Amino acid sequence: MRGFFPELDGITVRVGLVRKRGVLGWGSLDPDQPGIWVRPRRLDAFTIAHEFTHLLQARGLVPRGERACDLWALARSPLLVDTPPGYLAVPSRMRRRQPLPVAHAALLHRAAVEALAARERGERNYLLRFEREVDLAVRGLPATEPEPRRRTGLGTAILGVFGFVRTPRA
């Protein structure tokens, strides 16, 4: 994540494991004790970006709320958008695709950047603007899209680097 969150450079961030069932990640809103907790077996780059964005919220750099957190995380880089956001409304056709095709990641990133620019101009409904724009853009995409190749999850890859991956059973 180095370089994607320069506002956090030089800050020590605690990292731990989520133990609560059904929760993919959690970010601390205490600016004095920044930390994130994640579920390594279901870890995606977007989940990490979302949790790091909570650390920016704790410092007052991003508005509070899960939907705002998703939008700011999407606006960081299309490279971080490997799954659809969990709190913003996106078309079901996009929500079912995991990992997201590159074209969908680019579309989500571009729409997020445009929504934040609208917010800077004073538009208050920037979150709804994002959701409408994505919905219209996805409607314009071809109906049949090739299925993406399955890839090893980011969490599994990280665990593999440290030698914690279990060998698949035959």
Side-chain angles (χ1 to χ4, degrees), residues 1-91 94-95 97-100 104-134 151-159 161-162 164:
M1 292 312 205
R2 191 165 182 78
F4 289 113
F5 292 88
E7 302 91 340
L8 298 173
D9 282 353
I11 295 173
T12 301
V13 177
R14 292 175 299 141
V15 178
L17 299 176
V18 168
R19 296 190 190 277
K20 189 172 182 181
R21 188 179 173 132
V23 175
L24 294 179
W26 182 78
S28 170
L29 290 177
D30 181 353
D32 297 327
Q33 296 184 352
I36 63 169
W37 291 260
V38 292
R39 186 174 301 283
R41 296 250 178 236
R42 293 200 43 215
L43 191 59
D44 299 302
F46 186 71
T47 300
I48 297 170
H50 177 94
E51 299 312 328
F52 270 102
T53 304
H54 280 307
L55 302 182
L56 300 180
Q57 287 178 326
R59 288 173 164 58
L61 301 172
V62 171
R64 299 261 176 144
E66 293 292 352
R67 294 176 75 222
C69 189
D70 265 359
L71 189 69
W72 259 262
L74 288 170
R76 284 287 160 167
S77 169
L79 298 174
L80 297 175
V81 185
D82 56 352
T83 59
Y87 295 98
L88 290 167
V90 295
M94 183 180 280
R95 188 163 298 288
R97 303 295 299 271
Q98 290 191 20
L100 277 177
H104 287 187
L107 184 153
L108 289 169
H109 171 71
R110 187 173 47 254
V113 169
E114 290 171 7
L116 292 180
R119 180 183 185 273
E120 284 293 314
R121 293 190 304 270
E123 188 173 322
R124 295 178 56 120
N125 292 328
Y126 63 99
L127 294 167
L128 291 174
R129 173 195 180 100
F130 167 83
E131 293 169 341
R132 271 193 315 268
E133 188 174 317
V134 169
R151 67 176 172 89
T152 303
L154 180 61
T156 304
I158 291 170
L159 290 174
V161 168
F162 293 102
F164 295 118

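Just so you know, these numbers come straight off a predicted model, no measurement behind them.
To the nearest 0.5 Å, atom NE2 of residue H109 and atom CG of residue L80 are 9.5 Å apart. Taking CZ of R121 as the start and OH of Y126 as the end, the distance is 13.5 Å to the nearest 0.5 Å.
Between L108 and L88, every side-chain heavy-atom pair lies at or beyond the 4.5 Å cut-off. Counting heavy atoms from C-beta outward, R119 and L71 have side chains that stay 4.5 Å or more apart.
A donor-acceptor contact shorter than 3.5 Å links the side chain of D70 to the backbone of Y87. With hydrogens and angles ignored, the 3.5 Å screen pairs no side-chain donor or acceptor of D82 with any backbone N or O of D44.
The shortest non-hydrogen separation linking A73 to F46 is CB-CE1, 3.7 Å. When all heavy atoms of E114 and R129 are compared, the pair lying nearest together is O-NE, 4.2 Å. Taking all atoms of both residues into account, the shortest heavy-atom contact from P78 to A106 is CB-CA, 4.3 Å. Contact detail for L100 and P84: the closest heavy-atom pair is CD1-N, 3.6 Å. Between A75 and L116, the shortest heavy-atom distance links the atoms CB-CD1, 3.5 Å. Of all the heavy atoms in P34 and T12, the pair that sits closest is CG-O, 3.3 Å.
Annotation: salt bridge (Lys or Arg N to Asp or Glu O under 4.0 Å) contacts of R95 (sequence neighbours excluded): none.
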Using residues 51-63 as the side-chain source, report each donor-acceptor pair under 3.5 Å to any protein atom, sequence neighbours left out, with the distance given to one decimal.
residue : atom : partner : partner atom : Å
E51     : OE1  : W26     : N            : 3.3
E51     : OE1  : G27     : N            : 2.8
T53     : OG1  : A49     : O            : 2.7
H54     : ND1  : Q57     : OE1          : 2.7
H54     : NE2  : H50     : NE2          : 3.1
H54     : NE2  : E66     : OE1          : 3.2
Q57     : NE2  : P63     : O            : 2.8
Q57     : NE2  : G65     : O            : 2.9
R59     : NH2  : P31     : O            : 3.2

List the steps, then state whether side chain to side chain contact (heavy atoms under 4.5 Å, CB included) holds for V90 with H104.
CA-CA 11 Å; V90 295; H104 287 187; over 6 Å; no
